[in-house]
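Both backbone and side-chain heavy atoms feed into the values below; hydrogens, waters and symmetry mates do not.
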Amino acid sequence: MSGLRIFAVFVIFVGASLAWMVLGGSIEIRTNDAGSTGYEMVDGLWGGPQVQQAPRFAAGKKIMPIGSSDITAEFKLDQRRKGLLWYATYAVDFDAEYGVTNDDETPAAVRMTMDFPDPSGVYDGFVVRVDGRDVPVRYDGGSAIAEFEVPAGSTARVQTGYRTQGLDEWRYSATRGVGVVDDFTLTMTTDFEQIDFPADAVSPSGKERTGDGWELEWSYESLVSGRPVGLTMPKPLNPGPVASRISFFAPVSLLFYFAAMLLVTATRRVSIHPMNFGFLAAGFFAFHLLFAYLVDRIDIWVAFGIASAVSVGLCIGYLRLAVSDKRTLAEAAIGQLIFLVLFSFSFFFEGFTGLAITIGAVLTLAYFMWRTGRVNWDDVFARSAQEKLERRLAAIE
C-alpha cells in the first residue's frame, strides 16, 4: 500500500476515534443524569444506607452500660435497575437482645432510647420486650423510647427488632466514639454469595457458607473500638460505565485491527482501498453504537451478543464482496473477533482489562512476527511500486 493510502487510512482512524470519544461522552452524560435521579428515586422508594446505633439506657442522669449484646441481622438482596445503573437494595430483619444490669441497691426506672437508621424509613414489627414482657413504646422524631423498671441487683433482658429496607450497605455501631463493648455477638446471614465490608468497618471473627449465602459472626468478650460492624451489598455489572469505557478504548481496538489488516494484505498481495477501511471502521462503530443504546433496554449480556453479531456480520459480509482471497477473509474475521469482541469483553472483568489487553497485544505481536518472519519486505515494497507504475501506464494508455 502506498504512503498516500496509508495516510488516508490514518485519517479514517482519527475520524473514527473522534466519533468514539463523542459516543463515550454521551454515554457518561446519560449515566450521570440517570445516576443522580435514579439514586434519589430508589432512596425515596426503598430507603438509603442503614446505620443502626446501639440503644442508650439511662436511669435518671446515670448512663447504664450495655452488659451484653446478642444481635442477628438477616439480609435478603433485591437489586433494582434504573436506566444505565443497578442499585444494591436489600431487606433486613434486625433482632437484638441486650443485657442491662442495675448495680444499685434500689430499683431503677430505666429509659431506653433507640434511634432508627432513617427517621423517614419504614420499620415493620418494631417491639420492645423486657424479660419477655412487652412494654409501651412512644416515638419522638426518629427515635423510639421505652421505660421500664429493673429491680436492684438484677439484669434485665431487653429484646427489640424490626424489618426494614436499605440501599448499598448496612452498619451497626456499638459505641458512640471509642468505647468498650462487653460480651458482644452479632450474626449476619445473607442469601447472596458475593460479600464485602466497608473500609472502616471491623472484619468478622468467623464466617461460614450456608447454601447460597454466608453466616458471618462478630464475637468479642471485651473490645475497645470505635469502628462499626458493616456489610456492603453486591451490585451487578453496571451497563453505563462499561459501555462508556468500551467506547473510549475502541480506538485501540481499531488500531490493532487496521495494523493486522495492513500486514495481511501487504503479504498476500491483496489490494484494499482506503474506502474499504472506512466501511470497516463504520462496522466497528456499529458495535459500540448498538451496545450503547441497547444496554439500558435489555440485559447487558444480550446487548453485547446482539451488537457483536451485527458488527461481525456487517464487516465480514462486506469483505466477502470486497476481497476475493478466502484466507485473507478468514484472517480478517478472526482479527475482528479478537480485537473487537474479545477486547470489548475484557471490560466486563474489572481489574483485569489492562492485563487482558496486554496479553492480547503480545500474542498478536508474536503471531505476526511468526507470520512475517520469512517475508522479504524489499520484494513486498518493490511489488507495490511496480504495481503502482503499471496502473499509471494503464491509465495513460
For this session: Hey, can you tell me if Trp170 and Phe75 have their rings parallel, tilted or perpendicular (30° and 60° cut-offs)?
Result: perpendicular

Problem set entry | Phe148-Val137 co-clustered via ILVMFWY side chain contacts under 4.5 Å | yes

Exercise. Which word best sums up how the rings of Phe349 and Phe345 line up, parallel for under 30°, tilted for 30 to 60°, or perpendicular for over 60°?
Worked result: perpendicular

Problem set entry | From CG (Leu319) to CD (Gln336), nearest 0.5 Å | 8.0 Å

Exercise. So, does Thr190 use its side chain to make a donor-acceptor pair with the main chain of Phe192 at under 3.5 Å?
Worked result: yes

Exercise. Do the side chains of Ile316 and Leu290 join up, straight or via other hydrophobic residues, at under 4.5 Å, putting them in one cluster?
Worked result: no

Exercise. Do Tyr123 and Gln165 have side-chain N/O donor and acceptor atoms under 3.5 Å apart?
Worked result: no

Seminar exercise, completed: Here the gap from Arg245 atom CZ to Glu28 atom CD, rounded to the nearest 0.5 Å, amounts to 10.0 Å

For this session: Over all heavy atoms of both residues, which pair between Gly99 and Arg157 is shortest? Give the atoms and the distance, please.
Result: CA-NH1, 3.8 Å

Problem set entry | Audit row: Glu169, Tyr90, side chain to side chain donor-acceptor pair (under 3.5 Å) steps and yes/no | CA-CA 9 Å; Glu169 66 179 27; Tyr90 62 89; over 6 Å; no

Problem set entry | Aromatic ring pairing Phe256/Phe343, orientation class (parallel under 30°, perpendicular over 60°, tilted between) | perpendicular

Problem set entry | Donor-acceptor side-chain pairing of Ser120 and Asp118 below 3.5 angstrom | yes

Exercise. Any idea how Phe304 and Phe348 line up, ring-wise: parallel (<30°), tilted (30 to 60°), or perpendicular (>60°)?
Worked result: perpendicular

Exercise. What are the two closest non-hydrogen atoms of Thr31 and Gly240, and how far apart are they?
Worked result: OG1-CA, 3.4 Å

Exercise. Any donor-acceptor pair under 3.5 Å linking the side chain of Asp325 with the backbone of Thr328?
Worked result: yes

For this session: Calculate, to the nearest 0.5 Å, the distance between atoms OG and CZ belonging to Ser253 and Phe284 respectively.
Result: 5.0 Å

Exercise. Any side-chain heavy atom of Thr160 sitting closer than 4.5 Å to one from Val127?
Worked result: no

Exercise. Got Val51 and Pro228 here, is their nearest side-chain heavy-atom distance under 4.5 Å?
Worked result: no

Seminar exercise, completed: To the nearest 0.5 Å, atom CG of Asp196 lies from atom OG1 of Thr232 at 5.5 Å

For this session: Answer yes if Tyr318 and Phe277 sit in the same cluster of Ile, Leu, Val, Met, Phe, Trp and Tyr residues linked by side chain heavy atoms under 4.5 Å apart, and no otherwise.
Result: yes

Problem set entry | Validation row: Val178, Val224 side chains within 4.5 angstrom (heavy atoms) | yes

For this session: Measure the spacing between OG of Ser311 and CZ of Phe285 and express it to the nearest 0.5 Å.
Result: 11.5 Å

Problem set entry | Val100 backbone acceptor or donor facing Thr155 side chain under 3.5 Å | no

Exercise. Within the distance-only criterion (no hydrogens, no angle test), does the side chain of Thr89 pair as donor or acceptor with the backbone N or O of Leu167 below 3.5 angstrom?
Worked result: no

Exercise. For Gly213, does its backbone N or O pair with a side-chain atom of Asp191 as donor and acceptor, under 3.5 Å?
Worked result: no

For this session: May I ask whether Ile334 and Leu262 are part of the same hydrophobic cluster, defined by side-chain heavy atoms of I, L, V, M, F, W, Y residues being less than 4.5 angstrom apart, directly or through others?
Result: yes

For this session: Please confirm whether the backbone N or O of Leu23 pairs with a side-chain atom of Ser26, one donor and one acceptor, at under 3.5 Å?
Result: yes

Exercise. Stepwise, does the side chain to side chain donor-acceptor pair (under 3.5 Å) test hold for Asp70 with Thr185?
Worked result: CA-CA 5 Å; Asp70 187 4; Thr185 301; 5.2 Å; no

For this session: Give a yes or no on whether the backbone of Trp301 and the side-chain of Asp299 come within a donor-acceptor separation of less than 3.5 Å.
Result: yes

Exercise. Asn102 side chain to Asp104 main-chain N or O, any donor-acceptor pair under 3.5 Å?
Worked result: yes

Exercise. Counting N and O atoms only, with roles assigned by atom type, does the side chain of Arg227 sit under 3.5 Å from a partner on the main chain of Ala201, one being a donor and the other an acceptor?
Worked result: yes

Exercise. Would you call the rings of Phe116 and Phe126 parallel, tilted or perpendicular if under 30° counts as parallel and over 60° as perpendicular?
Worked result: perpendicular

Exercise. Can a salt bridge be assigned to the pair Asp95 and Arg163 using a cut-off of 4.0 Å between side-chain N and carboxylate O?
Worked result: no

Exercise. Are Leu337 and Phe291 linked, directly or through other ILVMFWY residues, by side chains that come within less than 4.5 angstrom of each other?
Worked result: yes

Exercise. Does the Ser154 side chain pair with the main chain of Val150, one donor and one acceptor, at a distance under 3.5 Å?
Worked result: no

Exercise. Below 4.0 angstrom, N of the basic side chain to O of the carboxylate: do Asp93 and Lys76 qualify?
Worked result: no

For this session: State, yes or no, whether a side-chain contact exists between Pro234 and Leu77 at a heavy-atom distance under 4.5 Å.
Result: yes

For this session: Please say whether the positively charged group of Arg209, taken as NZ for Lys or CZ for Arg, lies over the ring of Trp214, i.e. under 6.0 angstrom from the six-membered ring centre and within 45 degrees of the axis.
Result: yes

Exercise. Should we say atom CZ of Phe279 is surrounded by more than 12 heavy atoms from elsewhere, each under 6.0 Å from it?
Worked result: no

